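Keep in mind it's a predicted model, so treat the numbers as computed, not measured. Because only heavy atoms are used, hydrogens play no part in the values below, and waters and symmetry mates are left out as well, while side chains stay in. Each chain gets a letter, A, B and so on, in the order the sequences are listed, and its residues count up from 1.
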There are 2 protein chains.
Amino acid sequence: MDDIDRRIVRALSEDARQSYSEVGALVALSAPAVKRRVDRLRATGVIKGFTAIVDPAALGWTTESFVELFCTGRTTPAQLAEAVRRHPEVVEAYTVSGEADALVHIRAADIAHLEQVLERLRGEPFVTSSRSMIVLTRLVDSV
Amino acid sequence: MDDIDRRIVRALSEDARQSYSEVGALVALSAPAVKRRVDRLRATGVIKGFTAIVDPAALGWTTESFVELFCTGRTTPAQLAEAVRRHPEVVEAYTVSGEADALVHIRAADIAHLEQVLERLRGEPFVTSSRSMIVLTRLVDSV
DNA sequence: CCTGAAATCCGAACGTT
DNA sequence: AACGTTCGGATTTCAGG
């Protein structure tokens, strides 16, 4: 993991469908050399995969919210992970320090759908209460 | 935007570096037909780009937090967007309904770095106060 | 890490339904 | 309007140095 690797990662983050020779031109390496590095970066888990950036609105999942979950005393991260993964509307989830125990990012078709997801989440045995914020506008998104 | 388009989007979301003929095999189309559809999906903005999924820990940006911002009465989303975009550590930002006015996702090298970002954010003229949650573990991430 | 060759893939043009 | 086929040129991939 040297400086060339970091530049390769940056190049592929900007356009994952660039050819190896194009990346090679940016980092002053031949295409085969770039491929070997990318293969190694994937094998070591630095690069976990390549994906398309899709406009969620185009798919009709246009209502987003962040939900803070408050849980019972002994709830493990593993339990939480297992539970939230069952809900396909959950696109991100974290355990956090602060008032809440977990923060969950939800993407749903509309408010009715969102409400339904919230009810499912609040039905989880370890959830004692929740507080939600509905996303009004997306200001930045460079995850 | 028909069912074939949706399947192409799904295929490229799972592996953005697949060849057009591989995608074609999945959706029963020839490679040029797939390319034409992908070109159209990009032109219409359904697909905004392709990116590598990078393990942030591998890059050393290992401290994450979500910060709720409370702002002065007349703060426009445009103002907020302009301001948060100036901070490279901000990877997501939204205006939200609920107690806070905005929710900002920050990725920093360590706690010291995070504190520094927080101070910069709280120095913005329209920010009256903030409340932060530090991410402990990442449960789900399929943005 | 580079060079080179074979297989594959891309992109554009053309013809078809 | 959208798909399939075809063809020249580029790219990937696997040798060997």
**Q.** Letter per nucleotide, 5' to 3', of nucleotides 3-17 of chain C [B base touched, S only sugar-phosphate touched, - untouched; heavy atoms, 4.0 Å]
**A.** ------SSSB-----
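Under 4.0 angstrom from either OP1 or OP2 of dA1(D) there lies no side-chain N or O belonging to Arg40(B).
A salt bridge does not link Arg10(B) with Glu14(B): none of the charged nitrogens is closer than 4.0 Å to a carboxylate oxygen.
The ring pair (Phe, Tyr, Trp, His ring centres under 6.0 Å) contacts involving residues 39-63 of chain B comprise Trp61(B)-His113(B), where partners must be two or more places apart or lie in separate chains.
A cation-pi contact, defined as under 6.0 Å to the ring centre and within 45° of the axis, links Arg17(A) to Tyr20(B). Remark: Arg107(B) fails to qualify as a cation-pi partner of Tyr94(A) under the 6.0 Å distance and 45° angle criteria applied to the six-membered ring.
Checked by atom type and distance alone, the side chain of Glu115(B) never pairs as donor or acceptor with a backbone atom of Ala112(B) at under 3.5 Å.
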